[in-house]
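The structure appears right after this line, and notes come after that.
Only this structure's heavy atoms are used, side chains among them; waters, hydrogens and symmetry mates stay out. None of these values were measured; they are calculated from a predicted model. Naming: A, B, ... by sequence-line order, numbering from 1 per chain.
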Amino acid sequence: MSLALDKPRSPKRPAARRGNGELYSWLFMRLSGLLLVVLVLGHLFIMNILDGGVHKINFGFVAGRWASPFWQFWDLAMLWLAQIHGGNGVRTVINDYARKDSTRFWLKMLLYVSMVLIIALGTFVIFTFDPNISN
Amino acid sequence: MTATAETTAGSRGAQPPVPDGAVTVTVKIRRFNPEFDDEPRWDSFDIPALPSDRVLNLLHHIKWYVDGTLTFRRSCAHGICGSDAMRINGVNRLACKVLLKDLLQKGDKQTTITIEPIKGLPVHKDLLVDMEPFFEAFRAVKPYLVTYGNEPTRERIQSVADRERFDDTTKCILCACCTTSCPVYWTEGSYFGPAAIVNAHRFIFDSRDEGAEERLDILNDIDGVWRCRTTFNCTDACPRGIQVTKAIQEVKRALLFKRV
Ligand code: HEM
Ligand code: SF4
Ligand code: SF4
Ligand code: FES
């Protein structure tokens, strides 16, 4: 029979979980944040300030921009980075605030599914956009 | 004398005479008696106090002369032992280091001081919490000198500059003000918490110690330094003035660049 007071001071914590990726997730938030400053502020500037602001935006304007691989890539990078950066940020928030393991699990599942859906849909639109769709 | 009279009386009998210059303050305490209460409750006491009193004196007054059942922890009463961390007016402080004059309302307005147990640790009774989860995280970071190989015949020499690197984190008195002010710790008790990281820092950056890698590995855990959101609550709470968040960032940097 084991004594209840056996090793009273042994740590209750599981051994360190190595290579859990939290370091890279932390680093990614900073690096993607830096890129997002350029991408998002540039995007806001072009869309809302340059050439008469939002009033110029219509189907033709979008079609014109996406005719260039540069803007296609810009929007693609912004979509992926914002989704993964924002998704990873919300994952942190869920980890910090969910009280029950089951709540945490389901909120994260919802988050991951929404991320995959939006990234897939956005990427699909950028690459298959047809400027002649109205013809 | 009957036993019932003692439940509301203080442990040292009648109140002493009110000193000159005393003001009446309301002390509102969040109390919990596991034998009677299902839920914590608020209890208020109007007591005379001097502006030069510390919050600990007010608690003593209540316990000694008004209600002997009030339970809290204190030992040195001089900011050294770290026993009397509590939430005073919403911020974590040592009751023996907060002066009443810094809490007094201006003019003739009545002063109310709210006192709660520190958050995130199980409450035993009134202001007394179970510190075991806190010390468990502390022990997990190996807060002692780790060396390998032969012991030197004389003392382990260290330069002034090398000593300076971890000087700040040697000041910790393990009061738990920081850890129990951390919003991440409130909801997730599995986070190591700032105090454990401070005490790991104390040895990681000690040139005489050889256990830095083990400790960094431990703090790279899912519940390690990466959970810190850099909100500075801990730095604000530390009664020793330790730059807690800075110490955590230094540990993050050591992990990031794999260099101490
Ligand atoms: C404009 C440039 C941006 C920069 C420089 C930036 C930077 C950062 C950094 C450094 C963090 C980590 C904070 C921490 O770990 O404590 C963070 C968190 C976060 N970011 Fe961004 N970000 C930017 C844009 C965005 C965008 C566009 C979104 C939304 C899609 C977003 C959503 C989030 C969320 C939800 C968090 C988590 C918040 C938290 O941890 O409390 N950020 N951001
Ligand atoms: S800086 Fe980090 S450890 Fe300190 S209170 Fe904020 S989240 Fe907690
Ligand atoms: S770092 Fe400061 S607040 Fe935290 S336990 Fe040590 S002395 Fe107390
Ligand atoms: S009683 Fe020792 S620190 Fe306050």
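- For B:D221 and B:W226, the side-chain atoms include no donor-acceptor pair closer than 3.5 Å.
- For A:F124 and A:F129, the distance between ring centers is not under 6.0 angstrom.
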Please report the C-alpha distance between B:K246 and B:D168 in whole Å, then the side-chain angles of each, then the deciding distance to 0.1 Å, and finally whether the salt bridge (Lys or Arg N to Asp or Glu O under 4.0 Å) criterion is met.
CA-CA 10 Å; B:K246 183 170 170 231; B:D168 202 33; over 6 Å; no

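- Listed in order of number, the residues of residues 249-260 of chain B that approach chain A to under 4.5 Å between heavy atoms are B:Q249, B:K252, B:L255, B:L256.
- Using a 4.5 Å cut-off between heavy atoms, A:L23 contacts chain B through both its backbone and its side chain.
- Every residue two or more places apart in sequence or in another chain was checked for a ring-ring contact (aromatic ring centres under 6.0 Å, His included) with B:F166, and none qualifies.
- The side-chain tip of A:R30 points at the ring of A:W26 from less than 6.0 angstrom away and within 45° of straight on.
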Is there a salt bridge (Lys or Arg N to Asp or Glu O under 4.0 Å) between B:E210 and B:K142? Walk through the geometry before answering.
CA-CA 12 Å; B:E210 291 166 17; B:K142 307 191 181 203; over 6 Å; no

